[in-house]
Amino acid sequence: MNLDRLVAFAKAASLPVAIVIVWALVTETGWVAAYVLPPPRTVVATLIDFFFGGSSQAYSGKFMAHFVESLYRVAGGFACGAILGIPLGIVLGYNRRIGAFIEPTIELSRSIPGICWLPLALVWFGIGTGTSVFLIALGSFYSIFLSTLGGVRYVNPVLLRAGRSLGATESSLLTTVILPAAFPSILSGLRLGLSYSWIYMVLGEFTGVNYGLGALLLQSRDTMDTPLIIGLMAVIGGLGVISDRLMLLFMTRILGMDVR
Amino acid sequence: MTGVVAAKVPAVTMPRSNDRPAKISFRNITKEFVSKARGTSTKALNGLSLDIAEKDFVCLIGPSGCGKSTLLNLIGGFEHATSGDVLLDGVRVTAPGPDRGVVFQEGALFPWLNVLDNVCFGPRRLGLPRERYLEEAHAILEEVGLLPFARHLPAELSGGMRQRVAIARALINHPPVLLMDEPFAALDPQTRVLMQEMLLRIWEHDNRTVLFITHDVEEALFLGTRVVVMSSRPGRILKDVRAELPRPRDFSVFGHPEFVKVKAELFALVREQTIAAAADASGNAGTVRTP
Ligand SMILES: Nc1ncnc2c1ncn2[C@@H]1O[C@H](COP(=O)(O)OP(=O)(O)OP(=O)(O)O)[C@@H](O)[C@H]1O
Ligand SMILES: [Mg+2]
């Protein structure tokens, strides 16, 4: 049993390991110039410096400062997206008559790529946190809203029939059958929304704020610091994975809900 | 013992003369499904009448697509007749309710609730005191042999176990009427017989009114006090047979000569209708284009 998991892990890890080996080979031999692609160990050293300090670089030991700033924006924007998206999805999924008024507008506005909102957001909210939070909220809203709506609207009708014939009233049906049945799709909408949040965080911070992982990423391009660029890409990706796992854990354990 | 007595009723069933009052009445029911998108309408039932007395165990058989589920959905309150009356205790049915327990073909258990919580769903909605229904839920789970699985989720059960939970969940509300739509269709023959025996055991000590849909003639004869055969679509009642085998019944009646004879007759009748239904389907009768 444990061996099976080990084998599965080895299979999954084989490609990344191969990529790192090739990466190390082509960079350490000088075949690819270091300013185009630095060797893995340089990236690792830069990251260690970024996390724990030790050099005179501006970013040295500044991980927490940048991270907290980004996290703050992601959390704020994602919370706005969820606070709007979940209730709206429930109401419109539950009541098609209200939906007929609002859904087409939301569908239409969704076809505007999130990035197109950037100039307008800058005009409205200025450079910095306001714009980032707005973009993140917008980016996460659609997936949360649509998944919630779908989950609520397309509950297996036989479950509704079962609920009614067991004595549930129309109003209690929402909390006893519809929401629990829709929970898996609400959760997947939240996960998708969270991953969009990290994406739009980077976009929002590209507008030129001083602190934040996205901001630092842009600055490291200006200084042609490729090790830091690659390191930050890995950090942002890693944070996305960690936050997704934490949310999954929270939803399943703390709320005691089942994801099947 | 006379065994099975097949009381032949004319093809168009009259309300059966019976001293017990009708628990369920279908009066001249027509049900048409209209699809605006395709501009077609399908007549599932056409002028069907059927009375079910209190404590009757009526098994409904007929070719696929003849309107059996439609009939059950009407009395269940899930759908409304295009014309005609569906009465429960003489009162017109308008909505589903806990006075009619329903067991669906696929069980329709709530996948997020464990077995015990599925069973307790009804009493909770009805606001019964916790101590009372918990005790009863345990008793019912014991009866269907699932007490050891009280904390399991539906996904962790076999098909037969799920159907037993579905039956327990419907029974705990003590509905005077039990509606079952091919509840055992997906089970293997061995399990099915065990489930049938379990259902009979339960029914024999409280004698509630049951409407049971099946494709299986043997199952119908084994379980029912009455077997009603429907025609191909649009569904009418073709035959209404009283099945008076000795009770309590168990699997040994399958070999009973009367049982075998009536079974063969009914099988032939359903087969005829199924062939007719197939011919209809190729000619697309019953579905008409609306102007
Ligand atoms: N919701 C619906 N919309 C349109 N047509 C329907 C609907 N439900 C049933 N029908 C039609 O009504 C007819 C009867 O359907 P019903 O489900 O009652 O058949 P059935 O006797 O239960 O068949 P089976 O034995 O296969 O379950 C069918 O021809 C079907 O196409
Ligand atoms: Mg059916």
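All chains are named by letter (A, B, ...) in the order of the sequence lines, taking the proteins before the strands, and each is independently numbered beginning at 1. Because only heavy atoms are used, hydrogens play no part in the values below, and waters and symmetry mates are left out as well, while side chains stay in.
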Surrounding [atom1] of [X] (heavy atoms of other residues, nucleotides or ligands, distance under 6.0 Å), is the total greater than 12?
| X | atom1 | answer |
| --- | --- | --- |
| B:Arg92 | CZ | no |
| A:Trp117 | CH2 | no |
| A:Ile19 | CD1 | yes |
| A:Tyr211 | OH | no |
| A:Tyr196 | OH | no |
| A:Tyr72 | OH | no |
| B:Glu142 | CD | no |

Which atom of [X] lies closest to which atom of [Y], heavy atoms considered:
| X | Y | answer |
| --- | --- | --- |
| B:Arg125 | A:Leu166 | CB-O, 4.3 Å |
| B:Leu126 | A:Gly167 | CD2-CA, 4.1 Å |
| A:Ala162 | B:Ala108 | CB-O, 4.0 Å |

A side-chain contact here means heavy atoms from C-beta on lying under 4.5 Å apart; do [X] and [Y] qualify?
| X | Y | result |
| --- | --- | --- |
| A:Leu159 | B:Pro111 | yes |
| B:Gln105 | A:Val158 | no |
| B:Phe121 | A:Val177 | yes |
| A:Ser165 | B:Phe78 | yes |

At a heavy-atom separation under 4.5 Å, does [X] approach chain A through its side chain, its backbone, both, or neither?
| X | answer |
| --- | --- |
| B:Asp99 | neither |
| B:Glu79 | side chain |
| B:Phe104 | side chain |
| B:Arg124 | neither |
| B:Ile172 | neither |

**OP:** Answer with side chain, backbone, both or neither: which region of A:Ser172 has an atom nearer than 4.5 Å to a non-hydrogen atom of chain B?
**Re:**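 For A:Ser172, the contact with chain B is made by the side chain alone.
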
**OP:** Output the option from B:Pro123, B:Ala95, B:Pro98 having the highest count of non-hydrogen pairs under 4.5 Å with chain A.
**Re:**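 Most heavy-atom pairs within the cutoff with chain A belong to B:Pro98.
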
**OP:** Measure the spacing between CG of A:Leu179 and CH2 of B:Trp112 and express it to the nearest 0.5 Å.
**Re:**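 One finds 9.5 Å between CG of A:Leu179 and CH2 of B:Trp112.
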
